[in-house]
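Report on one structure; see the data block that follows.
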There are 2 protein chains.
Amino acid sequence: MTDQPALVYVVDDDEAMRRSLCWLLRSVGLECREYASADAFTAAFEDTRPGCLLLDIRMPGQSGLDLLDSLSKGGAILPVLILTGHGDVPMAVRALKAGAMDFLEKPCNDQVLLDRVQEAVSEHARRLAEREVRSEARQRLDNLTARERQVAELVSRGLSNKAIARDLEISLKTVEVHRHNAMVKLKVEGAAELARLWVEAEEGA
Amino acid sequence: MTDQPALVYVVDDDEAMRRSLCWLLRSVGLECREYASADAFTAAFEDTRPGCLLLDIRMPGQSGLDLLDSLSKGGAILPVLILTGHGDVPMAVRALKAGAMDFLEKPCNDQVLLDRVQEAVSEHARRLAEREVRSEARQRLDNLTARERQVAELVSRGLSNKAIARDLEISLKTVEVHRHNAMVKLKVEGAAELARLWVEAEEGA
DNA sequence: GGAAATTTTAGGGAAAACCCTTAGTGTGGT
DNA sequence: ACCACACTAAGGGTTTTCCCTAAAATTTCC
């Protein structure tokens with residue numbers, strides 16, 4: 001997670017609008033890329049670098065709301081700021097419930113926009129860090145064999161080796177082996193750390 | 001947490017509207033109480049029984065948005081459905097960002113409204129259960145003495161008694177005592193359960 | 001000042017966890 | 001058939017935790 005500079009994506013079919021937005025963003029030192037359609041953006045973006053998306057709704061081809069849906073369905077965590085000229089209440093409600101971070105109407109005050117962008121970028125950095133922790137945990141969990149995972153889970157729930165042996169109907173010695181192997185693979189020491197790792201990995205799963 | 005029936009609060013200064021809403025809600029078996037102002041509602045509601053709030057924005061006295069803010073500031077977890085006749089985009093955005101679960105415009109389709117209410121009630125039940133777990137955990141934690149809490153935290157982080165003794169510069173025997181007392185007070189057995197309890201209590205703190 | 005609670009330390013024994021090696025069995029792939 | 005891997009099991013020793021009793025020093029509160 002090398003702390004890369006923020007990148008703002010601007011998706012709008014109106015070229016003048018894109019230019020103007022990017023000019024504004026670059027004037028405060030934000031890197032910025034333009035896309036004329038949802039598809040062009042989808043093909044290009046990577047959800048690993050802190051940033052956010054400034055998105056228009058009314059566009060030829062895939063609409064902004066559709067893009068918003070497909071982003072969240074695809075597990076993306078990039079914050080989206082809707083910026084539209086012809087918004088109505090149902091549209092705003094749908095966008096925000098679909099996970100948009102904000103819904104701004106053109107024309108929009110420059111400073112307000114920049115503030116929202118900064119908020120969104122911070123939020124994305126936060127989410128990226130969180131996702132990193134969980135995916136790290138889950139990746140280590142994936143390296144366990146079925147039996148090891150089974151034993152590790154029971155350990156994380158506070159059962160003793162003896163109780164686990166009874167539960168799984170295997171010998172105490174076998175449990176010790178699985179437990180030890182799991183601990184090594186997960187790089188944890190002791191039941192407490194294992195329990196924490198387990199909670200981290202399973203929350204929001 | 002005796003599983004009480006749902007209770008829907010309706011806050012609107014227009015009496016005809018309140019009546020009509022309550023008639024609709026009662027027709028599907030939902031209990032329902034009416035309030036003509038934000039203040040009347042604030043004085044009466046209790047955030048322990050599953051339900052939701054149907055809230056108008058434009059009212060004499062405290063506005064619906066103000067009520068929404070003061071609810072979330074007060075730590076309430078009651079889901080709020082905004083139902084207003086004169087909504088605009090900025091108002092909807094503000095309401096949703098302030099935590100409203102939905103923003104509906106009058107007149108509103110009956111079935112849509114009832115669906116949203118049911119969703120909101122389920123959501124509240126879910127939140128109540130979560131809050132219950134956390135407050136139980138925190139309450140038990142509050143019964144620990146300072147030293148016990150200190151020791152328990154280090155145990156939950158995976159440190160051995162010996163390591164804790166070094167950290168706190170006290171004897172191993174003392175650590176054992178504090179650890180044991182903490183375990184008894186927290187009603188947990190083993191480091192794993194303690195770690196889980198700790199995570200439960202501290203998350204979202 | 002005295003009672004109650006907290007913090008501190010200790011001895012000693014039973015239970016559990018931890019660490020090492022060795023090894024038989026079964027399964028899947030080359 | 002052979003190899004790699006997972007699962008199983010055991011012996012034996014060290015360390016840590018768990019559980020009991022006992023008690024002194026300290027702090028807090030009335």
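All chains are named by letter (A, B, ...) in the order of the sequence lines, taking the proteins before the strands, and each is independently numbered beginning at 1.
- To the nearest angstrom, P of D/dC19 lies 18 Å from NE2 of B/His178.
- Candidate nucleotides C/dT7, C/dC18, C/dT8 were compared by shortest atom distance to the side chain of B/Val177, and C/dT8 ranks first.
- Summarising the geometry, the separation between CE on B/Met183 and C1' on C/dA15 is reported as 14 Å, rounded to the nearest angstrom.
- The environment of B/Arg19 atom CZ is sparse: at most 12 non-hydrogen atoms of other residues, nucleotides or ligands sit within 6.0 angstrom.
- In this structure, B/Gly75 and B/Asp47 approach most closely via the heavy-atom pair O-OD2, 4.5 Å.
- Under a 4.0 Å N-O distance rule, the pair A/Arg18/A/Asp56 does not qualify as a salt bridge.
- Rounded to an integer number of Å, the gap from CD of B/Glu148 to P of C/dT6 is 7 Å.
- Counting any heavy atom pair closer than 4.0 Å across all strands shown, A/Ala146 reaches sugar-phosphate atoms only and no base atom.
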If you restrict it to nitrogen or oxygen atoms, what contacts under 3.5 Å exist between nucleotides 27-30 of chain C and the protein, and what is each distance?
none

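- Separating the CG atom of B/Asn181 from the C1' atom of D/dA22 is a distance of 14 Å, rounded to the nearest angstrom.
- Rounded to the nearest 0.5 Å, atoms NZ (A/Lys162) and CG (A/Asp167) are 13.5 Å apart.
- A salt bridge links B/Lys173 with B/Glu176: at least one charged nitrogen is closer than 4.0 Å to a carboxylate oxygen.
- Position along DNA chain C of the nearest nucleotide to B/Arg147 versus B/Lys173 favours B/Arg147 as the more 5'-ward residue.
- Following rounding to the nearest Å, B/His180 (NE2) and C/dT6 (P) show an atom-to-atom distance of 16 Å.
- Using a 4.0 Å cut-off on heavy atoms, the residues of residues 159-172 of chain B that approach DNA chain D are B/Ser160, B/Asn161, B/Lys162, listed by number.
- The pair A/Glu193-A/Lys187 does not count as a salt bridge, with every side-chain nitrogen at least 4.0 angstrom from each carboxylate oxygen.
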Measure all distances between protein nitrogen or oxygen atoms and nitrogen or oxygen atoms of nucleotides 23-30 of chain D, and list the pairs falling under 3.5 Å.
none

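- Applying the ring-ring contact (aromatic ring centres under 6.0 Å, His included) test to pairs two or more places apart or on separate chains, none has a residue in residues 152-198 of chain B.
- In summary, A/Arg140 and A/Glu200 do not engage in a salt bridge, as defined by a charged side-chain N under 4.0 Å from a carboxylate O.
- As rounded to whole Å, 12 Å separates atom P of D/dG11 from atom CD of A/Glu176.
- Taking the screw axis at each terminus of the helix from C/dG1-D/dC30 to C/dT30-D/dA1 from five consecutive base pairs, the angle between the two is 50° to within rounding of 10 degrees.
- Under 4.0 Å is where a charged nitrogen must lie from a carboxylate oxygen, and between A/Arg149 and A/Glu153 no such pair does.
- Screening residues 88-100 of chain A for side-chain hydrogen bond (donor to acceptor under 3.5 Å, both in side chains) gives A/Asp69-A/Arg94, A/Lys97-B/Asp102 as the qualifying pairs, with residues at least two apart or on separate chains.
- In terms of heavy atoms, B/Cys22 sits closest to B/Glu34 at SG-CG, 3.4 Å.
- Between the CG atom of B/Leu154 and the OG atom of B/Ser160 there is a distance of 10.5 Å, given to the nearest 0.5 Å.
- C/dA17 atom C1' lies 13 Å from atom CD of A/Glu189, rounded to whole Å.
- Projected onto DNA chain D by closest heavy-atom contact, A/Thr174 and A/Lys185 fall at different nucleotides, the more 5' of which corresponds to A/Lys185.
- A side-chain N or O of A/Asp115 and one of A/Gln111 form a donor-acceptor pair less than 3.5 Å apart.
- For CD of A/Glu189, the number of neighbouring non-hydrogen atoms (other residues, nucleotides, ligands) closer than 6.0 Å is 12 at most.
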